[in-house]
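Read the structure below first, then the notes.
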Amino acid sequence: MTTTATQPAPPAPQAPPQAEAPRTQYSKDYWDLVFEQLGRNKLFRLSMVILALLYASAIYAPLLANDKPYRIEAVDSAAYGTAHRTMYPAILGLGRLVKQTPEEYEASRTGGSTSTYLQALNAERSAVSTRVETLRSWLPEDRHAGLEPLLGKVDEAIAAAEVGEHERAGELAGEAKDLAKAVRAEYGLADPEQPDAGGVTLISRTQYPLFSSLHPVEIAFMVLWLFVLAWPFWNRLVNRVLLAGNRLRIRKARRTKLAAVVVLSLLAGAGYWVFGARASGDNQPSWKTDISEGRIEVVSAVFPPVPYGFDESNGPENYRPPTFTARAEISEEGFYVRGARSQRVDPVTGFETPAKPIEPKFGESDRNSPWRHVLGADTLGRDMLTRLLWGGRVSLTVGLLSAGLLLVIGTVMGAVAGYFGG
């Protein structure tokens, strides 16, 4: 018997091995290692958040604690009344000046004055135009045209005086005086109790006093620190969307992002200086006082969360404890309800603790609100939280400049020592 050996099947042909796609090699640099190690430290992250908020409280102090409103829609009848009342005297002063020659003016000007004749003319013109603009700002547009002839006549009188035609200038000033009399008669405030007596009804105007009082440098720092506070959000968005998560591109974009933040902050400050600071300013001495005393009629107003100025004092609240505590409560008559400063009569001298009534101004919290003075008041009745926020600007600025100065000195001395040895 013969057996046939079974031959094994030949192996199937195998495909040639595919070459692996080249991978982009990423080597961590110094800053990658620093950020990675610091990011793992929870205490470091917490301290950075606290430091960022601390600097934010100083940078944004004007927006957090201020006696000026963010926005106010109101009628300033007192300012209108002052401009209306003093328009005629301003025209009289201009009339006396344009009748004088430059030599007569220099001989009659007050001692110590160095103003030239032309400067005096410009000052008189500015006094009249300021009053006209004040009237315009609170008048309906259909009443503006009645003020144009007055200002035009003033310009004609000044132009005649500048070329030496003083007799003609005096005549034009007389015509301006007649127009001022007409303005005084026709543009008086209407009396709500006597609607048939005539007069004008003023319109409200929207203003932004707090933002008008800021400095362009403050605006630049506010924008800069807004980028810092929002860095975890916008930086991650830029890395994922614009840089597609590529770590090499992210590394190269560090300086670009830093430069963009600085440039945008500077542009914000420059834009405010050109379009904001020059456009309007805040010349109101005290908004809250003027509103509370009825000189300004408010339609709507929005004040900061701490509505006090950094130097605003309130005598009746000197040394007042934080108003969320029980010993800070003050009665309507002005006596402390409890504690060592409550109403009492000294048994020996008969001295009675004087009452100090508190009258909250417009925009402030009620007399015994826990939010009135969260940290109390100082010796002059100034809000301590406001003082703390504004004072932090000085303290943190000094600390930052000191650290920067030490860094420069240390770098220079270290470089010199490293170069020369020893």
message: Between Glu364 and Arg372, does any side-chain N to carboxylate O distance fall below 4.0 Å?
response: yes
- line: Given the options Leu94, Leu118, Leu172, Ile158 meets side-chain contact (heavy atoms from CB on, under 4.5 Å) only with Leu94
message: Between Arg393 and Glu218 (salt bridge meaning N to carboxylate O under 4.0 Å), is one present in this structure?
response: yes
query: More than 12 non-hydrogen atoms from neighbouring residues, nucleotides or ligands closer than 6.0 Å to CD on Gln37, yes or no?
result: yes
- prompt: Hey, are Arg136 and Glu133 close enough for a salt bridge, meaning a charged N less than 4.0 Å from a carboxylate O?
  reply: yes
field: Reported CD1-to-CG distance for the pair Ile50 and Leu46, which is rounded to 0.5 angstrom
entry: 4.0 Å
- request: Using a strict cut-off of less than 4.0 Å between a Lys/Arg side-chain nitrogen and an Asp/Glu carboxylate oxygen, indicate whether Glu312 and Arg382 qualify as a salt bridge.
  value: no
message: Test your reading of the model: is there a side-chain donor-acceptor pair from Trp138 to the backbone of Val75, 3.5 Å cut-off?
response: no
- prompt: More than 12 non-hydrogen atoms from neighbouring residues, nucleotides or ligands closer than 6.0 Å to CZ on Arg338, yes or no?
  reply: yes
- prompt: Run the salt bridge (charged side-chain N to carboxylate O under 4.0 Å, His left out) check on Glu148 and Lys153 step by step: do they pass?
  reply: CA-CA 9 Å; Glu148 296 297 336; Lys153 197 63 66 175; over 6 Å; no
task: For Arg240, look at atom CZ and say whether over 12 heavy atoms of other residues, nucleotides or ligands are found less than 6.0 Å away.
output: no
query: Are Tyr272 and His215 an aromatic pair by the rule of ring centers under 6.0 Å?
result: no
- prompt: Does CZ in Phe221 sit with more than 12 non-hydrogen atoms of other residues, nucleotides or ligands closer than 6.0 Å?
  reply: no
query: For residues Thr86 and Arg131, is any side-chain donor paired with an opposing acceptor at under 3.5 Å?
result: yes
query: So, do Arg168 and His166 sit near enough that their side-chain heavy atoms are less than 4.5 Å apart?
result: no
- request: Might you confirm whether atom NZ of Lys257 has over 12 heavy atoms from other residues, nucleotides or ligands at distances under 6.0 Å?
  value: yes
